[in-house]
Amino acid sequence: MKLTITRQNLHRGLAAVSASIPSKTTLPVLSNVLIESDEGAVWISGTDLDVSIRVKVPAEVAESGAITAPGKKLQELTRELPDQPVDLRARAHQLEVGCGHSRFKLNGLPSEEFPNFPVIDFEEGWHVSEDSLRRLIHSTAFAVSTEESRPILNGVLWELKETRMSMVATNGHRLAKMVVEAGSSDGGSTDLIIPPAALVQVERLFDGQGDLTVARGGNHLAFRSDEREVYTRLIEGRYPNYEQVIPKDNDKIARVDREAFERAVRRMAVLASDQTHRVKLAFESDKVHLDVRTPDLGEAHDELDLDYQGDALEIGFNANYLLEVLRNMPAGEVKVAFKTAERAATIEPADDELDYLCLVMPLRLVD
């Protein structure tokens, strides 16, 4: 392998795959990136066996070939190189790097030792808008569970239909769901449970311009554009019937500015208990009272003007869950709906054009 590439393109490619390089591994080759030269381009790949990333960057290729090299070290080295063309050459199991007057040799491993990516037929996949997919991920992935006792809830449910697609995530105490119009689909309707680590990389790597192809092969899912690919294992199992926990009869409605509400809850969270993070909300017709009482810290009180329709209500929430939901709501007014102090509350954008709903379970106000 012998090629010349700009420092910027090499650094961009390495930065794209760096998140898939494990910090600790018992397989030395996983600390490496795979560099494969192609006609007029170079493919750079990284994997931790759960999430794999492959990106294509322009290069002047003199001799085709492939080698693996230490990913983090090559990225650090590239960051420090001057803005001049970089020459890469593979000799046996060493990668030679030349830039200006600088010369380096990095010990690599044969490309054959690098794990093979899943074999996936992209011809029978789904074509989705990058922008819509990024919005789904950003609006729901925060709500996944991090507890290992229910591994199904460690993933995001992606429902693909012919005319729409939705994502749902929950940890049993909060839930987020968004629905958007779908693009064209050749793969039919299906439900997929995807690890959030993979979705974070999809949101990071695809810029929201144009469409990408999503395809499944066995227990793997792949996202592909012309220059970027992300592969991930799927979580196996049946996702809980989340529709059963979304209340349909919440008739006490508060409309409030999202940013003002978030700031008020954030102030209360400072003095909330480290165990429960509980904040009490007392709703009246034109305002909400926010209160926190933590014996070993002190007390806090705040008030916020809003429009509330319904009987007076006192309800408690985990401030952290409430803040996560509000932080991911779009700017403007939100609609918060309740039934009783013991039932789940729903939070939605006041703008009905956006099909986005979050749910937060209440906390008891008396221990």
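We number each residue from 1, following the sequence as shown.
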Report task. Answer yes when Glu203 and Arg134 have at least one side-chain N-carboxylate O distance shorter than 4.0 Å, and no when they do not. Result -> no
Check residues 210-218 and write down every donor-acceptor pair under 3.5 Å in which the side-chain atom is one partner and the other belongs to a residue at least two apart or another chain.
{"unit_1": "Thr213", "atom_1": "OG1", "unit_2": "His127", "atom_2": "ND1", "d": "3.3"}
{"unit_1": "Arg216", "atom_1": "NE", "unit_2": "Gly218", "atom_2": "O", "d": "2.9"}

Requested in this report: Determine, for Arg266 against Glu262, whether the closest basic-nitrogen to carboxylate-oxygen distance falls under 4.0 angstrom.
Outcome: yes
Query - For His11, the option from Leu77, Thr78, Leu81 that meets side chain to side chain contact (heavy atoms under 4.5 Å, CB included) - result: Thr78
Query raised in the report: Within a radius of less than 6.0 Å around CG of Asn241, do more than 12 heavy atoms belonging to other residues, nucleotides or ligands occur?
Result: yes
Report task. Please report the closest heavy-atom contact between Pro247 and Leu359, naming both atoms and the distance. Result -> CD-CD1, 3.6 Å
Query raised in the report: Please, which pairs that meet salt bridge (Lys or Arg N to Asp or Glu O under 4.0 Å) have at least one residue in residues 28-40, sequence neighbours excluded?
Result: Glu36-Arg54
Requested in this report: Would you name the heavy atoms of Ile5 and Asn9 that are closest together and state the gap between them?
Outcome: CG1-CB, 3.9 Å
Requested in this report: Check whether the side chains of Arg204 and Gln201 place a donor and an acceptor atom closer than 3.5 Å, and report yes or no.
Outcome: yes
Requested in this report: Output all residues satisfying ring-ring contact (aromatic ring centres under 6.0 Å, His included) with Phe114, sequence neighbours left out; order by chain, then residue number.
Outcome: none
Query raised in the report: OG1 of Thr232 to CG of Leu199: how many Å apart, nearest 0.5 Å?
Result: 7.5 Å
Requested in this report: Using the test ring-ring contact (aromatic ring centres under 6.0 Å, His included), find all partners of His138 that sit at least two apart in sequence or belong to another chain.
Outcome: none
Query raised in the report: Between Arg164 and Glu181, is a salt bridge (charged side-chain N to carboxylate O under 4.0 Å, His left out) present by the stated rule, with each step listed?
Result: CA-CA 4 Å; Arg164 65 178 179 84; Glu181 296 298 317; over 6 Å; no
Query raised in the report: With sequence neighbours excluded, what pairs up with Tyr231 under the ring-ring contact (aromatic ring centres under 6.0 Å, His included) test?
Result: Phe117
Report task. Might you point out which heavy atoms bring Leu271 and Leu297 nearest each other, and give the distance in Å? Result -> O-CD1, 3.9 Å
Query raised in the report: Do Leu304 and Phe261 have side-chain heavy atoms sitting under 4.5 Å apart?
Result: yes
Requested in this report: Any pair with a residue in residues 265-311 that passes ring-ring contact (aromatic ring centres under 6.0 Å, His included), sequence neighbours left out, goes on the list, sorted by first then second residue, please.
Outcome: Phe283-Tyr308, Phe283-Phe338, His289-His301
Report task. Could you tell me whether Lys248 and Glu243 make a salt bridge, using a distance below 4.0 angstrom between a side-chain N and a carboxylate O? Result -> yes
**Report entry** Criterion side-chain contact (heavy atoms from CB on, under 4.5 Å) on Thr4 and Val86, from CA distance to verdict
**Finding:** CA-CA 6 Å; Thr4 301; Val86 180; over 6 Å; no
Query raised in the report: Any side-chain donor-acceptor pair under 3.5 Å between Asn171 and Ser145?
Result: no
Report summary line: CD of Glu159 to OH of Tyr239, rounded to nearest 0.5 Å, is 9.5 Å
Query raised in the report: Is any NZ, NE, NH1 or NH2 atom of the basic residue among Asp87 and Arg103 found under 4.0 Å from an Asp or Glu carboxylate oxygen of the other?
Result: no
Query raised in the report: Are the charged groups of Asp249 and Arg343 less than 4.0 angstrom apart, N to O?
Result: yes
Requested in this report: Enter the distance from Ser31:OG to Lys24:NZ here, rounded to the nearest 0.5 Å.
Outcome: 12.0 Å
Report summary line: Distance col, row Leu357:CG vs Ser139:OG, nearest 0.5 angstrom, shows 12.0 Å
Query raised in the report: Hey, what do you get for NZ (Lys105) to CD (Glu96), rounding to the nearest 0.5 Å?
Result: 5.0 Å
